[in-house]
Structures are given as structure tokens and as C-alpha cells.
Amino acid sequence: MSATQKLQQHPVFVQAQDKASYYVNQLDKELTKYPVLNNLEQRTQIPKAYAVIGGLVLIVILHSLNSLAAPVSNLVGWGLPAYLSFKAIESPSPHDDVQWLTYWVVFGFFNFLESFALRLVLYYVPWYFAFKSVFIVWLQLPAFRGAQTVYFSVLKPVLLNISSQNRSVAPVPTTNSQE
């Protein structure tokens, strides 16, 4: 019996293989909810779970290459939300419109803040774009409602404060005196 066969028959290896198969099957069941992934599976004959896992591995590899980290992070922040925003606009329900409108406000604000401090952040925070991508995914996923959390806890109070200050300041009359 070869070393490879011994390894494949080892109880720890068999148990790990069974667990991996279980989790891949669970992921496949969850991904069945998404028609886009079902179409992808039918067209390519690649199981949905493997396509998603492969995509995630590709994103991790591209984040590892420093020159590609920023574009990949921005693609993560734009790609899926743009598609889902399109679907939300086309759907009759206003609920999903609010979710994606909130996401775009928070995402835009985050990118605006990032434009001021990016060099400083990149100097002090290794793997910044990987952390940014995780943050962006947290903002996107409806299960976490990250965009709504940031909007209601950070942006809305700031914007309401600015709005109330603008209303409380009375307009100063200007006079055009011509002599």
C-alpha cells in the first residue's frame, strides 16, 4: 500500500473529507436561493459552491498582490451592489430600494473619507484593502445590515446636526448701496 493510499484511509483524513463535503453541500443548498448562481451552474457545469469558493480564493490571491488590492477592493464594493441595485430599481417593492440607497450613501461617504487619509492608513495598517473588503461585504449583506447600522449611528446624526445648524442661522440681509 502506497503512502497516498495510507493517508487517504487514515481516520482523521476521512473525517476531514466528510466534514468538508458536508459544509460544501450546506453551502450549495444556501446558494440555490440565488437564480444567478443557478444559471451559472447550468451554463458552466461547475457546482455553485465550487464557483463561489473559487471566486473567494481568487479575491484573496488578488488582495495578496499589492498592486491589485485597491481595484479588487473597489470591485467588491461596486460589482454586486450595482447588480442588486439594478434589480431593486426594477422590482416593484420599495424595501430593497431603501437598502441599496443606504448602502450607496455609506459607501460613498467611506470612499470620500478614505481619499483624505489613504496614504497615512496604508503606511500604518498592513492589509488595509483586505480589511476594507471585509468591511464593505459587512455593509452589503442584508443579514448584518451594516450599511443601515453605520447610517443610523454615524451619518444620520451628523447630517441632522448640519441641517439644524443651517436652519438656525438666519440669513444676513445684504444691501446694495449705490451712491
Say whether, by atom type as modelled, one donor and one acceptor occur between the side chain of [X] and the main chain of [Y] under 3.5 angstrom.
X: Ser163; Y: Leu159; result: no
X: Ser73; Y: Ala69; result: no
X: Gln140; Y: Val76; result: yes
X: Asn25; Y: Ser21; result: yes

From [atom1] ([X]) to [atom2] ([Y]), nearest 0.5 Å:
X: Gln42; Y: Lys48; atom1: CD; atom2: NZ; result: 8.5 Å
X: Asn74; Y: Asn111; atom1: CG; atom2: CG; result: 6.0 Å
X: Arg145; Y: Phe152; atom1: CZ; atom2: CZ; result: 10.0 Å
X: Gln8; Y: Ser2; atom1: CD; atom2: OG; result: 7.5 Å
X: Phe110; Y: Leu155; atom1: CZ; atom2: CG; result: 12.0 Å
X: Asp97; Y: Thr102; atom1: CG; atom2: OG1; result: 10.5 Å

Checking Tyr151 now: which residues fulfil side chain to side chain donor-acceptor pair (under 3.5 Å) with it, not counting sequence neighbours? none

Side chain to side chain donor-acceptor pair (under 3.5 Å) against Trp78, all qualifying residues, sequence neighbours excluded: none

If you take all heavy atoms of [X] and [Y], which pair is closest and at what distance?
X: Leu27; Y: Ala49; result: CD2-CB, 3.9 Å
X: Pro157; Y: Ser153; result: CG-O, 3.8 Å
X: Asp28; Y: Thr32; result: O-OG1, 2.8 Å

Using a cut-off of 6.0 Å, state whether more than 12 heavy atoms not belonging to Tyr50 lie near its atom OH. no

Using the rule that two of Ile, Leu, Val, Met, Phe, Trp, Tyr join whenever any of their side-chain heavy atoms come within less than 4.5 Å, decide whether [X] and [Y] are in one cluster.
X: Ile89; Y: Val98; answer: no
X: Val106; Y: Phe131; answer: yes
X: Trp100; Y: Tyr34; answer: no
X: Leu101; Y: Leu141; answer: no
X: Val60; Y: Leu58; answer: no

On the 0 to 90° scale, with breaks at 30° and 60°, tag the Phe107-Tyr103 ring pair as parallel, tilted or perpendicular. parallel

Begin with the C-alpha distance, continue with both residues' side-chain angles, and end with the deciding distance and a verdict on side chain to side chain contact (heavy atoms under 4.5 Å, CB included) for Val137 and Phe144. CA-CA 9 Å; Val137 169; Phe144 298 116; over 6 Å; no

Stepwise side chain to side chain contact (heavy atoms under 4.5 Å, CB included) test for Phe129 and Leu62: CA-CA 11 Å; Phe129 289 110; Leu62 292 175; over 6 Å; no

